[in-house]
Amino acid sequence: MDMDLSLMNKEQKKAIKTTEGPLLIMAGAGSGKTRVLTHRIAYLLGEKEVPSRNILAITFTNKAAREMKERVAALVGGGAASMWISTFHSMCVRILRSNINYIGYENSFSILDPTDQKSVIKDILKRRNLDVKQHNPRNIIGYISDKKNQLIKPDQAISEAASYPDTLYSEMYSDYQRILYRNSALDFDDLIMLTIELFDKEPKVLEHYQNRFQYIHVDEYQDTNHAQYRLINQLAKKYRNICVVGDSDQSIYKFRGADITNILNFEDDYPEATVITLEQNYRSSKNILDAANAVIENNTERKPKALRTARDGGPKLQLMVSDSERGEAETIIGNIQSLSDEHSYSDMAVLYRTNAQSRAIEDALVKSNIPYKMVGGMKFYDRKEIKDLMSYLKVILNPNDDISFERIVNTPKRGLGPKTIDKLKAHGQNTGISIFEAIKESDFIGIPKTAVVKLMGLVDLLEGLKHKSRFLTITELVDEVLKHSGYRKMLEGEKSIEATSRLENLEEFKTVTMEFDRDNEISDELLFTFLSDMALVSDQDSVEDDSGVTLMTMHASKGLEFKVVFVVGLEEGIFPSRRVAYDDRELEEERRLMYVALTRAEDRLFLSRANSRMIFGKTESNIQSRFLSEIPETLVEGKEAVGGSASDGMKKRSGKPKRSRVLTNNSGVTFSIGDKVEHKKFGDGIISGIKGEGDSQELDIVFTKAGVKRLLANFAPIEKKE
DNA sequence: GTCCGAATATTTTTT
DNA sequence: ATATTCGGAC
């Protein structure tokens, strides 16, 4: 067995060998934490002779889980098959699959994806006669997710709701949960919450898993939410062998419930804990690391930690300033091309704050014929045809899944429109049965004869497929569905480019099912296993194409590394995002995101900003990002030249004469970033951003007393000073 | 029941 | 700029 620890540093060795009791590993970026984790597991297996079934390792992504499995296997050979190395969610699915009946759910439950969630919420809004425009489903889903992450059940949410809109949202949460229950459906948050509920209600089940998982590892601990925290604590309570790894400086998922205090307070939870800090960075050159350290030091909410690197200074960081997002893209492409002698494209990545920023870069890459891959664009599994097919499979497994049933009832068109479906739904709701069951009574609820016949045909189709499903592989079942539902015929009949591509995607999907069929025998559980596997994978997992420049959001880049990294759009309002720019806590999270982005780079780091860019169809100018200002000039090539003051925004603007046709307050006045102004009511302020042109131009002004306001340049009662 | 054009809303999102 | 969504015409 390859358990050569001689290449490890002192802290790493200690982390590997501290197997008993709670252990907190604060692992800085690039400090080799995966290596430590995998070696620790190998050490437990090899030296400590812990049976593999007693080890649990939890990650957030399938990719991380797969990688860890492979690396452990490489260290210990086979024999680790019965070890659970999985994500939070797939662990919970496995536990719930055999135990969810204890808490009253069907064991063939479906898993809702965000699209399904949205349609449930829309249904609820409709039934409550509420306007979707006033109540954005996203907010409601966010509310529900928050509550579930806090382990707050609907009843408690209702009684605790103090004011609007919580009073309403908590009621909708209650509706939502009732609907899911009736559909035998769980959302992602339920997987965690209900596992905890199961453990609370059935101590025997909990104890079984406590005994099984005597050594627990949690990766990316800074990203755990409260529910995940509770779950881990339940499991670790008996043996207290819990090893958590994380870096509070890389906590960037607060907006989805990640609670940074879980890692910061670990020592309070486990006073006997050993704490090890890994500060030796093996990834980046010194200049890159110095820049990252300089940025993160501006955060107050952190434990001081400074990464060291054994590598030399390396080239300086390089700042690129362009006029527009197109100019930015061209500058990047220029650098990519000149670097391509030394580096392969796959060693380069372009990181941006928002997905929308990818467009300009993508365009430029296409024009230059440079291969690239984009992470997180239009997701394969989000495509309509894939979701439709999945809905057929879900209904075959669980006919009471109204959410999926509704998706397919008229796809392909069967002449079963909203009228018919509404009647079925209303009947189902009145009598507490599913749509599928309601169909059997459709004769009596005012549905026209022709529609009844069509409904019966659909029932026959689905029941026939359900019957067959027991004897077929998933690939064969998919073919049966496509054939007998008429879905394939529908697409073939369309003859459009789009339909052709949909057909191709369905074929592509079969490579996924074939892979699944290779690993799984035909059994009664096959379809359930397939669907719950599928619900928990994302495309990031399947991107195994390692040629081409990588384009992705900074969030998506966490955990990855590249020789050459471009961090783009370093402008106030873009990054940090305008929405957080004046909230200290959220600003610190943005800064951590900057830290994550910078520390992805091994050898070369390019920073880019544009003097103006098109946002939502309007041209916007913004001053350089404060995060850029926080990097010492001595580390950056090209920074001293532009200085980073707001004046370059002015330089650029002065070339373009402004005109105003309408006589207004400020017609003919040209505003530039950095201008001092006085407002009739708000007092003194400085222009921090400009949006749009001409008559509709808007100004972001930071007022000394009144905070930030966005005002119309022409009409605001402001005067330019000096 | 279906289709088309206006109205609307746009951070990030490992599962 | 653009994707989605909704209302009204056919």
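Numbered from 1 within each chain, the chains take letters A, B, ... in sequence-line order. For clarity, every value in this text was computed on a predicted model and none was experimentally measured. Below, each value reflects all heavy atoms present in this structure, side chains not excepted, and no hydrogens, waters or symmetry copies.
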- prompt: In whole Å, what is the span from the CZ atom of Arg613(A) to the C1' atom of dA1(C)?
  reply: 14 Å
Sequence-distant partners of Ser485(A), side chain to side chain contact (heavy atoms under 4.5 Å, CB included), two or more places apart: Tyr392(A), Arg414(A), Leu461(A), Val481(A), Tyr487(A)
message: Tell me the interatomic distance from Arg592(A), atom CZ, to dT12(B), atom P, rounded to whole angstroms.
response: 18 Å
task: Taking only the side-chain heavy atoms of Thr420(A) (C-beta and beyond), determine which of dT15(B), dT11(B), dG1(B) contains the nearest atom.
output: dG1(B)
- request: Please say whether the positively charged group of Arg592(A), taken as NZ for Lys or CZ for Arg, lies over the ring of Tyr595(A), i.e. under 6.0 angstrom from the six-membered ring centre and within 45 degrees of the axis.
  value: no
- request: Please work out if Lys254(A) contacts a base, only the sugar-phosphate, or nothing of the nucleic acid, heavy-atom cut-off 4.0 Å.
  value: nothing
- request: Pick base, sugar-phosphate or nothing for Tyr253(A), based on heavy-atom distances below 4.0 Å to the nucleic acid.
  value: base
task: With heavy atoms under 4.0 Å as the rule, sort Lys413(A) into base, sugar-phosphate or nothing.
output: sugar-phosphate
query: Listed by chain and number, what are the ring-ring contact (aromatic ring centres under 6.0 Å, His included) partners of His135(A), not counting sequence neighbours?
result: none
- prompt: Asn410(A) side chain: which of dT10(B), dT15(B), dT2(B) is closest?
  reply: dT2(B)
- prompt: Short question: side chain of Gln222(A), backbone of Asp247(A) - any donor-acceptor pair under 3.5 Å?
  reply: yes
task: Would you please indicate if the ring centroids of His555(A) and Tyr352(A) are separated by under 6.0 Å?
output: no
message: In this structure, how many angstroms lie between the P atom of dT13(B) and the NE2 atom of His89(A), rounded?
response: 16 Å
field: Phe255(A)-dT13(B) aromatic stacking (under 5.5 Å, under 30°)
entry: no
- prompt: Nearest-Å distance, NZ (Lys118(A)) to C1' (dT4(C))?
  reply: 7 Å
query: Would you say Asn62(A) reaches dT14(B)'s phosphate, i.e. side-chain N/O to OP1/OP2 under 4.0 Å?
result: no
message: In this structure, how many angstroms lie between the P atom of dT14(B) and the CG atom of Asp189(A), rounded?
response: 13 Å
- request: May I ask you to verify if any side-chain N or O of Arg353(A) is less than 4.0 angstrom from the OP1 or OP2 atom of dT12(B)?
  value: no
message: Quick check for you: among dT14(B), dC6(C), dT10(B), whose closest atom lies nearest to any side-chain atom of Lys122(A)?
response: dC6(C)
message: From CG of Leu570(A) over to C1' of dT11(B), roughly how many Å is that when rounded to an integer?
response: 16 Å
field: Residues, nucleotides or ligands: over 12 heavy atoms within 6.0 Å of Arg128(A) CZ
entry: yes
query: Does Thr87(A) put a side-chain nitrogen or oxygen below 4.0 Å from OP1 or OP2 of dT14(B)?
result: no
query: Do the side-chain N or O atoms of Asn355(A) get closer than 4.0 angstrom to the phosphate oxygens (OP1, OP2) of dT10(B)?
result: no
- prompt: So which one's nearest nucleotide on DNA chain B is more toward 5', Glu589(A) or Leu416(A)?
  reply: Leu416(A)
- request: Write down the distance between CG (Asn136(A)) and P (dC6(C)), rounded to a whole number of angstrom.
  value: 11 Å
query: Mapping Arg414(A) and Phe188(A) to their closest nucleotides on DNA chain B, which lands nearer the 5' end?
result: Arg414(A)
field: Value in whole Å for how far the P atom of dA9(B) lies from CD1 of Ile615(A)
entry: 19 Å
- request: Report yes if at least one side-chain N or O of Arg359(A) is closer than 4.0 Å to OP1 or OP2 of dT2(C); otherwise report no.
  value: yes
